[in-house]
Amino acid sequence: MTDLRSRLSEAVRAAFAAEGLPEDLARVVPSDRPDLADFQSNGALAAAKQAKANPRELAGRLATHLQGRPEIASVDIAGPGFINIRVTDAVLADRAQEVAAGPMVGASLVDAPRRVVIDYGGPNVAKPMHVGHLRSSIIGESLKRLFRFRGDTVWGDAHFGDWGFQMGLLIAALEDEGRATEFQGTGPFPTDSPVSLEDLERLYPAAAARAKEDTAFRDRARKTTAELQAGNPGYRALWKHMHDVSMAALQRDFGALGVTFDLWKGEADADPLIPGMVKTLETKGLLVDDQGARVVHVAREGETKSKKLPDGTVVTVPSPDPLLVISSEGSAMYGTTDLATIVDRRNEQDFDLVLYVVDQRQADHFEQVFRAAVLAGYAEPGQLEHLGFGTMNGPDGKPFKTRAGGVLKLADLIEMTREKARARLHEAGLGEDLSSEEFEDIAAKVAVAALKFADLSNWRGTSYIFDLDRFTSFEGKTGPYLLYQAVRIKSLLRRAAGENVTTGAIAIVEPAERELALVLDAFQQAAEEAYDRRGPNALAEHAYRLAQAFSKFYAACPILAPSHETTRGSRLALAEAVLKQLEVALDLLGIDTPERM
Ligand code: ARG
């Protein structure tokens, strides 16, 4: 069984075919006038234009093909030639039953499952995560769950930034503080870390700032980076300590967000593959010298852009820029490890698709890497996708900063949101009879729901303004509102169990029941759209619509009150179906529902 919209599309397509009309015009959409119809098809208008026919007449002919189909209760022609369709109560009841019964709660599996790697999170070792990593983590986690739900084999990979210039900077800074003295020669080296997380968080910004002014320091850090990558044993040992210290902190932050990975790999894991990759690039004649560095040209014939040289002259150069593979110091760069990681993923996961959930501002970087990968034969065109996203902004419309003007650490953001969630719970009189432990657990869930839903309810490409007051409200289109609705249904189901009310066959009678069943049916389309566009916002929208339709139904159709056992059983079953689908939808957004509040 598939969703009603797909089934009706099929029927309308057959009608178009029977009339010799182009089938791609036979689209069916949910009706924008629920008082008149459940679904509509507007294709007769365009078809009539093409065929130079009267649209109403044509719509009438199409309608005769639809009449008498088992799922259709009525077909009407409205306005200039819209085909309005109402489905039967029985077919709606069957669909709701299906939602209630199956693990897919109304959605479908993909026809051809694929092997998919999702690269998200992308934190950097030795740098605390900030809000920029928040969006990637939230969107990536949701896509991972959605792709898996629809039947793909999925690996989420954090792809830590642990092999670049920042490592050289840190080692140089540690040397200057005299903390690297035990890490000279060939070892053995101390097994206890010479640095704590606090050290790293203090050292990194200082070293990065210093490198901007102090060219001698910068050059030393570059050399250190190259030596680390070349295998200097003491540097590698220091690297490992910094890596592990950061990793522990990162895992804690990700944990607090309910974000998990199947692979905790980093740029450094691609390092062993670089020599072989360089050989391949050489053999294929792709690696060319460029002022001491080695690059891969990725622009195609005729792809150029204008570039202003330091002396002011404007020249035409190929575009995109070439991919820098080996720097003049002999270091691997950001693009080098990204390209080698594709080799790794080809070997290990044998992917059909890799999705990179990374800030839109890195679009050019990925264009270079993807083109180089295809040229080198590591991936086929279309197998690598950059899913860019906009920024989370402050009230001034610029990327979010702390009051002091710095980047906000993710851990602080999470704590700030939890604090607000506690206040919101108190304000709403929720959780008062719970133990403090349970209250904390719920506050944490409300906080995560607030952050994730606020993010995912926007199309990922859109930037949005961070508004904690609005995000944490129990009213409006928010995560906490949805949790509240889910919890309300859970408590209703508990009450029903206490009163020995049991679910029965679903019957669709009241308008509010119809409306609710139609929303349940629409989950399949929402999941498909979110999957196809790699945009969880379609799921967020659906969850909200479902909660609203339930509210309306609950107000109009008492569940435990009716004296008729069949009515009670049916309504209870509907409520159960809603809860199941709502919980699945929220879970696909990465949001966990508490049992009570
Ligand atoms: N570490 C990078 C950053 O903080 C993001 C990594 C994204 N993934 C990738 N394969 N390049 O900007």
Side-chain angles (χ1 to χ4, degrees), residues 116-141 143-144 155-170 200-201 204-205 208 225 239 242-243 246-247 249-251 253-254 257 259 261-271 273-274 277 320 323-325 332-346 348-349 351 353-373 378-379 383-392 399-400 407-410 413 460 534:
V116 184
V117 177
I118 308 187
D119 181 315
Y120 65 102
N124 298 302
V125 167
K127 295 192 235 175
M129 279 202 279
H130 56 75
V131 297
H133 297 108
L134 180 71
R135 293 212 70 190
S136 174
S137 306
I138 291 177
I139 299 165
E141 177 70 24
L143 291 175
K144 179 189 71 181
W155 293 266
D157 184 0
H159 198 72
F160 291 150
D162 60 2
W163 207 230
F165 179 55
Q166 85 267 25
M167 303 312 297
L169 269 177
L170 281 159
L200 290 175
E201 292 185 357
Y204 178 74
T225 309
W239 174 88
M242 293 192 281
H243 176 272
S246 308
M247 176 87 115
L250 293 169
Q251 294 198 341
D253 286 356
F254 280 126
L257 265 183
V259 171
F261 298 94
D262 307 287
L263 304 170
W264 291 86
K265 285 194 155 188
E267 295 166 355
D269 288 298
D271 179 65
L273 294 155
I274 292 176
M277 176 181 91
L323 179 76
L324 180 53
V325 178
M333 309 302 285
Y334 185 42
T336 321
T337 46
D338 256 330
L339 193 56
T341 299
I342 295 172
V343 180
D344 187 36
R345 290 171 178 165
R346 167 61 61 225
E348 299 297 322
Q349 286 81 38
F351 61 82
L353 183 66
V354 187
L355 303 177
Y356 295 79
V357 188
V358 187
D359 194 314
Q360 184 57 29
R361 289 170 292 190
Q362 294 193 26
D364 291 346
H365 164 77
F366 286 109
E367 187 61 32
Q368 295 171 308
V369 171
F370 296 172
R371 285 179 180 224
Y378 298 142
Q383 287 189 324
L384 306 169
E385 270 181 47
H386 172 217
L387 309 182
F389 51 80
T391 52
M392 185 172 102
F400 195 80
V407 283
L408 182 61
K409 283 202 258 169
L410 193 56
L413 176 84
R460 63 179 156 78
R534 289 82 163 101

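Note that ligands are numbered from 1 as they come in the structure, with each ligand's atoms numbered from 1 the same way.
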Salt bridge (Lys or Arg N to Asp or Glu O under 4.0 Å) partners for Asp364, two or more places apart: none

Between Tyr334 and Phe165, ring centroids under 6.0 Å: no

Pairs touching residues 128-139 that satisfy salt bridge (charged side-chain N to carboxylate O under 4.0 Å, His left out), sequence neighbours left out: Arg135-Asp455

Neighbouring protein residues of ligand 1 - any heavy atom closer than 4.0 Å: Asp119, Gly122, Asn124, His133, His159, Tyr334, Asp338, Tyr356, Val358, Gln362, Phe366

Side chain to side chain contact (heavy atoms under 4.5 Å, CB included) partners of Gln251, counting only residues at least two apart: Met247, Trp264

Residues Asp338 and His365: side-chain donor-acceptor under 3.5 angstrom: yes

Closest heavy-atom pair and its distance - His243, Val125: CA-CG1, 3.7 Å

